[in-house]
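Reckoned from all heavy atoms, side chains included, excluding hydrogens, waters and symmetry mates.
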Amino acid sequence: MADMAEIKEPSFRESVNLMFDRAVGLMDIPKGLKEKIRVCNATYTVRFGVRLRGEIHTFTGYRSVHSEHMEPVKGGIRYASAVNQDEVEALSALMTFKCALVETPFGGSKGGLCINPRDYEEHELELITRRFTYELVKRDLIHPSQNVPAPDMGTGEREMAWIADQYARMNTTDINARACVTGKPTHAGGIAGRVEATGRGVQYALREFFRHPDDVAKAHLRGKLKDKRIIIQGLGNVGYHAAKFLTAEDGAKITGIVEWDGALTDPDGLDVEAVRQWITENGGVKGYGDGEFVENGPSVLEAECDILIPAALEGVINLGNADRIKAPLIIEAANGPLTSGADEILRKKGTVIIPDLYANAGGVTVSYFEWVKNLSHIRFGRMQRRQEEARHQLVVDELERLDRYLGDAWSMTPQFKEKYLRGADELELVRSGLDDTMRTAYQSMREVWHARDDVPDLRMAAYIVAINRVAASYRAKGL
Ligand code: NAD
């Protein structure tokens with residue numbers, strides 16, 4: 001590995017700004033408006049104390065609001081020791097453009113708490129989360145109509161349930177209290193399919209990419225997802241679900257899994273469920289029985305494969321390793337896994353990069369469905385499902401009559417009746433809405449990518465589509 005100390009790499013926020021600047025350089029937007037869209041509106045830093053194990057521990061947290069061209073603003077809350085203002089601001093900017101790209105009616109925000117969740121017991125994490133929530137609610141930085149967080153690295157359904165409950169305790173008469181946060185468990189106002197949503201979105205993004213042979217050819221690949229060799233970094237929420245669906249439903253092979261304590265490789269494909277189980281029980285991949293264990297985990301990012309899915313941290317592909325990355329196609333399941341310098345090196349090499357603001361937008365898309373569900377106070381499909389089934393029954397009755405009439409000459413395909421009669425439940429509706437969103441957003445990026453000679457990659461195309469929408473929104477509001 002090159003000595004990173006010698007290489008000047010921009011910070012995460014600078015990286016996002018550089019990518020933004022490249023895109024607006026290709027757009028006809030007044031200078032003042034460009035600047036307004038680029039800057040982060042506000043970042044609130046909070047330091048609070050919680051009494052744990054007999055003494056007071058002080059924690060630092062952030063909530064950053066990048067753009068309020070639409071409200072509420074939306075973005076996850078991350079728990080990690082490395083959380084800092086620069087990172088939270090970069091992530092909140094990405095949220096603005098992500099929401100615009102997939103047409104969820106939100107501005108961009110993000111939050112973070114400097115904490116290693118592994119250092120605390122569950123009841124301690126609850127105390128810390130409730131106190132952090134209290135600080136944010138007090139300033140309307142958690143609010144159903146102003147700022148709606150969601151899970152991110154180190155947080156999940158459990159933390160979101162605590163946040164929702166804390167907000168409800170502080171706002172006892174707010175009938176929309178549950179809409180103050182998304183990613184909640186289904187028994188606490190969540191929606192079916194939210195936990196898997198970001199990984200599912202990565203799968204749908206890849207499926208859509210592989211529907212366009214021209215685009216696949218740009219990555220020097222052919223065919224569909226079946227038997228494609230995938231290396232994935234991070235088998236957490238996003239990485240695990242993406243790996244699970246891509247192997248079980250599309251026939252791809254996971255030939256490498258990179259985790260914080262090393263990596264596993266197997267040219268015949270690793271058993272995703274078994275590795276996940278091992279990580280849950282042992283904390284990392286070390287000691288897993290099958291495949292080969294590689295102590296230097298990041299080196300596996302450089303191994304031969306068809307698709308590389310970084311699904312853990314930002315900045316993992318940087319000036320120090322970009323020129324050694326062999327994957328012809330990278331899909332950024334994590335936020336900001338490539339620095340702007342690495343992006344440039346890979347672009348010049350001809351690597352196709354499906355950018356983060358599109359690739360991991362499945363989470364915010366399904367969060368949007370959850371928020372709408374909370375505000376409408378009714379589960380999706382509850383009114384229509386049986387009525388839909390009754391109408392389908394009419395058709396089936398007629399087909400059965402025809403079947404009897406035609407005797408051996410014709411009969412219904414096995415299972416047709418069963419499949420056709422079943423009205424869609426919430427999970428199916430969520431998957432359908434997510435699939436539609438991922439397809440439509442890809443097509444809007446692709447159109448710009450193919451139509452303009454000065455737009456060399458999908459990332460620039462994604463930024464152009466998103467920035468145009470944010471600019472239109474600001475123009476309509478009259479700032
Ligand atoms: P997570 O905490 O569930 O999983 C992260 C995984 O990465 C864990 O398995 C962890 O062990 C692993 N990891 C940590 N450090 C690592 C290292 N140095 N090398 C390799 N692996 C390492 O987090 P997540 O929710 O899956 O988020 C992952 C990424 O996806 C983040 O960039 C996040 O911003 C992005 N994202 C998440 C969501 C969501 O809905 N959860 C939505 C959009 C984007």
- Query: What residue among D86, N41, T43 forms side chain to side chain donor-acceptor pair (under 3.5 Å) with S64?
  - Reply: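 Of D86, N41, T43, side chain to side chain donor-acceptor pair (under 3.5 Å) with S64 is met by T43 alone.
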
Using a cut-off of 6.0 Å, state whether more than 12 heavy atoms not belonging to [X] lie near its atom [atom1].
{"X": "Y79", "atom1": "OH", "value": "yes"}
{"X": "F48", "atom1": "CZ", "value": "yes"}
{"X": "E447", "atom1": "CD", "value": "no"}

Check whether any side-chain heavy atom of [X] sits under 4.5 Å from a side-chain heavy atom of [Y], and report yes or no.
{"X": "I77", "Y": "T129", "result": "no"}
{"X": "M19", "Y": "L357", "result": "no"}
{"X": "L141", "Y": "E135", "result": "no"}
{"X": "P298", "Y": "V316", "result": "no"}
{"X": "D356", "Y": "R459", "result": "yes"}
{"X": "Y288", "Y": "N282", "result": "no"}
{"X": "T45", "Y": "T60", "result": "yes"}
{"X": "I309", "Y": "L246", "result": "yes"}

Which atoms form the tightest heavy-atom contact between [X] and [Y], and what is the distance?
{"X": "P117", "Y": "L125", "result": "O-CD1, 3.9 Å"}
{"X": "R63", "Y": "N147", "result": "NH2-OD1, 2.7 Å"}
{"X": "P310", "Y": "I317", "result": "CG-CD1, 4.4 Å"}
{"X": "C99", "Y": "V364", "result": "SG-CG2, 4.0 Å"}
{"X": "D250", "Y": "Q203", "result": "OD2-NE2, 2.9 Å"}
{"X": "P144", "Y": "W371", "result": "O-NE1, 3.1 Å"}

Under 3.5 Å donor-acceptor, [X] side chain and [Y] backbone:
{"X": "R131", "Y": "G49", "result": "yes"}
{"X": "T155", "Y": "P151", "result": "no"}
{"X": "E9", "Y": "L319", "result": "yes"}
{"X": "R385", "Y": "G423", "result": "yes"}
{"X": "S92", "Y": "E89", "result": "yes"}
{"X": "K98", "Y": "A361", "result": "no"}
{"X": "K349", "Y": "I325", "result": "yes"}
{"X": "R38", "Y": "N17", "result": "no"}
{"X": "E259", "Y": "L235", "result": "yes"}
{"X": "K224", "Y": "F210", "result": "yes"}

Verify whether one side chain among [X] and [Y] offers a donor that lies under 3.5 Å from an acceptor in the other.
{"X": "Y240", "Y": "E196", "answer": "no"}
{"X": "Q443", "Y": "R446", "answer": "no"}
{"X": "S367", "Y": "T182", "answer": "yes"}
{"X": "E281", "Y": "Q277", "answer": "yes"}

Going by an N to O cut-off under 4.0 Å, is there a salt bridge joining [X] and [Y]?
{"X": "R431", "Y": "D435", "result": "no"}
{"X": "R211", "Y": "E208", "result": "yes"}
{"X": "D165", "Y": "R130", "result": "yes"}
{"X": "E124", "Y": "R53", "result": "yes"}
{"X": "R207", "Y": "E249", "result": "yes"}
{"X": "R422", "Y": "E418", "result": "no"}
{"X": "E426", "Y": "K373", "result": "yes"}
{"X": "R78", "Y": "E87", "result": "yes"}
{"X": "D214", "Y": "K218", "result": "no"}
{"X": "K286", "Y": "D261", "result": "no"}

- Task: Anything under 30° is parallel, anything over 60° is perpendicular, the rest tilted; go ahead and classify Y442 against Y358.
- Result: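 Ring orientation, 0 to 90° scale: tilted.
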
- Message: Ring-plane angle category for F97 and H66, please: parallel below 30°, perpendicular beyond 60°, tilted otherwise.
- Response: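 It falls in the perpendicular class, over 60°.
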
- Message: Quick one, R469 with E103, criterion side chain to side chain contact (heavy atoms under 4.5 Å, CB included). Give me CA distance, side-chain angles, the key distance, then yes/no.
- Response: CA-CA 9 Å; R469 290 182 183 156; E103 298 182 284; 3.3 Å; yes

Quick one: pull up [atom1] in [X] and [atom2] in [Y] and give me the separation to the nearest 0.5 Å.
{"X": "K228", "Y": "I307", "atom1": "NZ", "atom2": "CD1", "answer": "7.0 Å"}
{"X": "I231", "Y": "L301", "atom1": "CD1", "atom2": "CG", "answer": "7.5 Å"}
{"X": "L94", "Y": "Y463", "atom1": "CG", "atom2": "OH", "answer": "5.0 Å"}
{"X": "D266", "Y": "I254", "atom1": "CG", "atom2": "CD1", "answer": "11.5 Å"}
{"X": "F209", "Y": "M445", "atom1": "CZ", "atom2": "CE", "answer": "9.5 Å"}
{"X": "I115", "Y": "H57", "atom1": "CD1", "atom2": "NE2", "answer": "10.5 Å"}

- Q85 and R13: CA distance, side-chain angles, deciding distance, side chain to side chain contact (heavy atoms under 4.5 Å, CB included) verdict: CA-CA 9 Å; Q85 181 167 346; R13 187 167 51 88; over 6 Å; no

- Query: Given the rule in the side chain to side chain contact (heavy atoms under 4.5 Å, CB included) test, do T255 and T265 qualify, once you have shown the distances and angles that lead to the verdict?
  - Reply: CA-CA 5 Å; T255 53; T265 59; over 6 Å; no

- Query: Knowing that exactly one of T365, N360, V366 qualifies, which makes a side chain to side chain contact (heavy atoms under 4.5 Å, CB included) with T198?
  - Reply: N360

- Item | Derivation of the side chain to side chain contact (heavy atoms under 4.5 Å, CB included) call for L52 and Y120 | CA-CA 10 Å; L52 303 168; Y120 297 91; 3.9 Å; yes

